[in-house]
Amino acid sequence: MKKAYFIVPIVGCIIFTFFYLQTLSQLEAREKAKKEAAAAAREEKRMNEIFEREKAYEEAVKLQARRKKEKEAKEAKEKAEKEQLLALRDERDKAFRERDRQYKAATRLSDEVKIEEEAISKLKAEIATQKGDIDFLKTYVKKAQENQKSFEQVLTKIDAAEKAAAEAARAAADAAKKNS
C-alpha cells in the first residue's frame, strides 16, 4: 500500500498532465483562433475603414462637384437676373423719358392750341370788323352810286337847261337880229 500512496498520485499526475496538456493545447488553439479572429476582425475593420474613406472621398468629390455646379448655376442665374433687372430698369427709364417727352409735347401743343385759339378769336373779331366795314362800304357805295346817278341827272338837267338857255339866248339874239 505504500506503493499505492506513491503510484496513485504519480498516475494521477500523469493523467492530470495529459489532460492539462490537452486542455492547454486546446486553450492555445482557442487563444490563437481568438487572436487570428481579432486580427481578421481588425483587418476587416481596417479594410472597411479604407473602403468607407474611399467612399466618403468619392462622395466628397461628387458633393464638391455638385456644389461647384450649383454655385456656377447660381452665379449664372444671378447674372441673368442682374441683366434682366438692368434691362427692366433701362425699359422703365426709357418709358419715363418717353412719358416726359410726351407730356412736354402735350403741354407745348396745348399752349400752341391756346395761342392759335386766341389768334382765331382775334381773326374772327377782325373778320367781323371787316364784314362790318364791307357792309358799310357796300351801303356807302350804293349811296355814292345813287348820289352819282342823281348828280348825273342833275348835270344832264343842268346841261339841258344850259342848252335850252343857250338856245333861248340864241333864239333871242336871232330874234333881236331879226327885229333890228
Side-chain angles (χ1 to χ4, degrees), residues 41-180:
R42 278 194 309 264
E43 183 65 24
E44 187 179 332
K45 185 177 179 183
R46 189 176 67 83
M47 293 302 279
N48 283 340
E49 286 177 357
I50 291 172
F51 178 73
E52 290 295 325
R53 279 188 205 138
E54 288 177 359
K55 187 176 177 183
Y57 178 74
E58 289 174 3
E59 288 179 10
V61 169
K62 288 179 184 176
L63 182 63
Q64 183 181 13
R66 190 178 77 213
R67 285 183 182 162
K68 185 177 179 182
K69 286 180 184 177
E70 288 175 354
K71 183 179 179 183
E72 290 173 354
K74 183 179 178 183
E75 288 175 354
K77 182 180 177 184
E78 287 176 356
K79 183 178 179 182
E81 286 176 355
K82 284 181 183 179
E83 290 175 356
Q84 187 179 16
L85 183 62
L86 286 174
L88 289 174
R89 285 183 182 164
D90 289 344
E91 287 293 323
R92 182 192 66 196
D93 293 343
K94 184 178 177 182
F96 283 150
R97 285 192 301 271
E98 181 67 20
R99 182 197 65 191
D100 291 342
R101 187 183 66 77
Q102 294 285 337
Y103 179 74
K104 288 177 183 176
T107 304
R108 180 179 49 83
L109 290 174
S110 65
D111 291 343
E112 288 179 6
V113 166
K114 288 179 184 176
I115 291 169
E116 293 302 320
E117 285 177 349
E118 289 175 3
I120 288 172
S121 64
K122 286 179 183 177
L123 288 174
K124 284 182 180 179
E126 189 174 326
I127 288 171
T129 305
Q130 292 293 331
K131 282 184 181 179
D133 289 347
I134 289 171
D135 291 341
F136 171 74
L137 289 175
K138 282 181 181 177
T139 57
Y140 183 76
V141 166
K142 284 181 183 178
K143 286 182 183 179
Q145 286 174 348
E146 289 173 3
N147 284 341
Q148 182 182 4
K149 285 180 184 177
S150 115
F151 286 139
E152 285 176 0
Q153 287 175 356
V154 168
L155 283 175
T156 53
K157 285 182 183 179
I158 291 174
D159 283 341
E162 282 178 357
K163 279 183 186 177
E167 284 273 328
R170 229 186 287 152
D174 279 339
K177 272 186 192 181
K178 279 187 188 182
N179 281 348
S180 41

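Worth knowing before you read on, the calculation uses all heavy atoms, side chains too, and leaves out hydrogens, waters and symmetry mates.
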Distance in Å, I134 CD1 paired with T129 OG1, rounded so as to fall on 0.5 Å steps: 11.0 Å
For R89, salt bridge (Lys or Arg N to Asp or Glu O under 4.0 Å) partners two or more places apart: none
Point-to-point distance, once rounded to the nearest 0.5 Å, from CD of Q130 to CG of L137: 9.5 Å
Side chains of residues 50-75: which donor-acceptor pairs under 3.5 Å do they make with residues two or more places apart or in other chains?
none

Under the side chain to side chain donor-acceptor pair (under 3.5 Å) test, residues paired with E43 that sit two or more places apart: R46
Pairs meeting criterion side chain to side chain donor-acceptor pair (under 3.5 Å) with involvement of residues 136-155, two or more places apart: Q148-E152
Steps toward side chain to side chain contact (heavy atoms under 4.5 Å, CB included) verdict (K79, K82): CA-CA 5 Å; K79 183 178 179 182; K82 284 181 183 179; 5.7 Å; no
What pairs of donor and acceptor atoms, side-chain ones from residues 115-122 against any protein atom, are under 3.5 angstrom apart with sequence neighbours left out?
unit_1, atom_1, unit_2, atom_2, d
S121, OG, E117, O, 3.3
S121, OG, E118, O, 2.7

Side-chain touch I158/E162, heavy atoms, less than 4.5 angstrom: yes
Name every donor-acceptor pair, under 3.5 Å, that has one atom in a side chain of residues 100-109 and the other anywhere in the protein, sequence neighbours excluded.
unit_1, atom_1, unit_2, atom_2, d
R101, NE, E98, OE1, 3.4
R101, NH2, E98, OE1, 3.3
R101, NH2, E98, OE2, 2.4
Q102, NE2, E98, OE2, 2.9
T107, OG1, Y103, O, 2.8
R108, NH1, E112, OE2, 3.3

Atom CD of Q84: over 12 foreign heavy atoms under 6.0 Å: no
Euclidean distance, R92 CZ relative to R97 CZ, rounded to 0.5 Å: 10.5 Å
